[in-house]
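As a basis for the values below, the full set of heavy atoms in this structure was taken, side chains included, without hydrogen atoms, waters or symmetry mates. First the proteins, then the strands, lettered A, B, ... as listed; each starts at 1.
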Amino acid sequence: MKNVFTQKLIKWHENQNKRIMPWKGEKDAYRIWISEIILQQTRVEQGLSYYENFIQSFPTLGSLALAEDEMVFKLWEGLGYYSRCRNLIHSARHIHYNLGGKFPEKYDDLLQLKGIGPYTAAAISSFAYGLPHAVVDGNVFRVLSRVRGDFTAIDTTLGKQHYNEIAHCALDRRNTGEYNQAIMDFGATVCKPMLPLCTVCILNNDCKAFAEGWVNQLPVKEKRIIRKNRYLDYFVFTSGKTVLVKNREHKDIWQNLNEFYLYETEKESAWNAQTIQRFLQEQLGVEVYTVKKISDSYAQQLTHQNIKGRFIVIDLKTVPKSLTHFKSMAVESFAMLAFPKFINMFLDDYPLFGAEKDLDLL
DNA sequence: AAACCGGGGCT
DNA sequence: AGCCCAGGTTT
């Protein structure tokens, strides 16, 4: 007989949990994998449409393994944490070409795949194969720390190990997938971070934090985030109906997404006809050009960075040698590329190729 | 162990 | 403005 905590969670899941999600009860490891990667550090409501689009475009592991990188990134566009997408492509191809297309089943084998850590390995092995591994995500940390009145920090190596052991003890080994579903749904809908529903909680008589009034202090985190300011100005070089675009290959935010010519500075730049001319001549060797647009300042807040900058649209007669490493993208193919939100904010305001749309309106 | 990696929603 | 989200990788 399992403890009261586990019993009540399972019962709650059967009788009261009304959360419906397309991957619930799914047994196809590939689909579970896609859903779990999409949901890493991502709310269910935000990831839902991405999951639907992804499964529709790539119904099987093989179809994903054979897809072009850019198409996969386009489907991931706007979801953030783009290394997830890179790793997804890498692991799909690895399974397809090196593992005979057969998805690994054991926890340790799943852990070997890029992009799969302890949480995702536990999720796949329990949901798809019923193996006895407890998921420990943000929900589980919160539920366990509150019920136990446990002030062990959740963002330290020791703390993670601590809650992992507790989660494993609480696991219903006969029903691992359902138990894992139950505790995460419970954390997401009842034992919520901000305004938890303690008065109607089935565990409020078993909850140490509720009894002691500690609920809003738990779970404990030690680290806090520090944001740094970055000033990114983009020169959007056009030439007729083409745009100069390149892929962000270096290790930084938005790796593998596309961008224009980037000019990053320590402080906010003041651009005018004169500073633009000097920059284009001295840095890029551009003599003949037309300034089409100097945009307003755009801002975006990331978890660890504050981004700010402008977009300067320049039409060129010819492409100088300094820009030959850029791809000249035609109108038709431009929409196939994935851009960071910061750039899409500008493109939404100032469609570079909006002429077609304007014609439709006439 | 600490730093890094997005974007969105809630309070 | 601060916190959190079905975390993981790199340094």
Open item on the list: For A:S35 and A:K251, find the nucleotide of DNA chain C closest to each by heavy atoms; which residue's nucleotide sits nearer the 5' end?
Closed with: A:S35

Open item on the list: So that I can tick it off, tell me whether A:K293 and A:D349 are bridged by a salt bridge, with the cut-off set at under 4.0 angstrom between side-chain N and carboxylate O.
Closed with: no

Open item on the list: Looking at A:Q305, I'd like to know whether one of its side-chain N or O atoms comes within less than 4.0 Å of OP1 or OP2 on B:dC5.
Closed with: yes

Task: N/O (side chain, A:K341) to phosphate O (OP1/OP2, B:dG8) under 4.0 Å - done: yes

Open item on the list: Taking donor-acceptor contacts at under 3.5 Å, does the side chain of A:T42 reach the base of B:dG8?
Closed with: no

- [ ] Tell whether A:R43 reaches the base of C:dC4 with its side chain through a donor-acceptor pair below 3.5 angstrom.
- [x] yes

Open item on the list: Looking at A:Y82, I'd like to know whether one of its side-chain N or O atoms comes within less than 4.0 Å of OP1 or OP2 on B:dG7.
Closed with: yes

Open item on the list: Closest approach to the side chain of A:K223, judged atom by atom: which nucleotide of C:dG7, B:dA2, C:dC4 is it?
Closed with: B:dA2

- [ ] Verify the distance criterion only: is there a donor paired with an acceptor across the side chains of A:Q40 and A:Y119 at less than 3.5 Å?
- [x] no

Open item on the list: Distance alone, cut at 3.5 Å: any donor-acceptor contact between the side chains of A:N87 and A:R84?
Closed with: no

Open item on the list: So, does A:T120 get its side chain near the phosphate of C:dG8, meaning an N or O under 4.0 Å from OP1 or OP2?
Closed with: yes

Task: Whether A:Y298 and A:F346 hold their rings parallel, tilted or perpendicular, with breakpoints at 30° and 60° - done: perpendicular

TODO: Could you check whether A:W23 gets within reach of a base, just the sugar-phosphate, or nothing at all, counting any heavy atom under 4.0 Å?
DONE: base

- [ ] Using a 4.0 Å heavy-atom cut-off across all strands, classify A:G187 as base, sugar-phosphate, or nothing.
- [x] nothing

Task: Selection from B:dG6, C:dA6, C:dC4 that lies nearest to any side-chain heavy atom of A:E36 - done: C:dA6

Open item on the list: At less than 4.0 Å, is any side-chain N or O atom of A:W254 found next to OP1 or OP2 of B:dG7? Yes or no.
Closed with: yes

Task: Side-chain N or O of A:Q41 closer than 4.0 Å to phosphate OP1/OP2 of C:dC5 - done: no

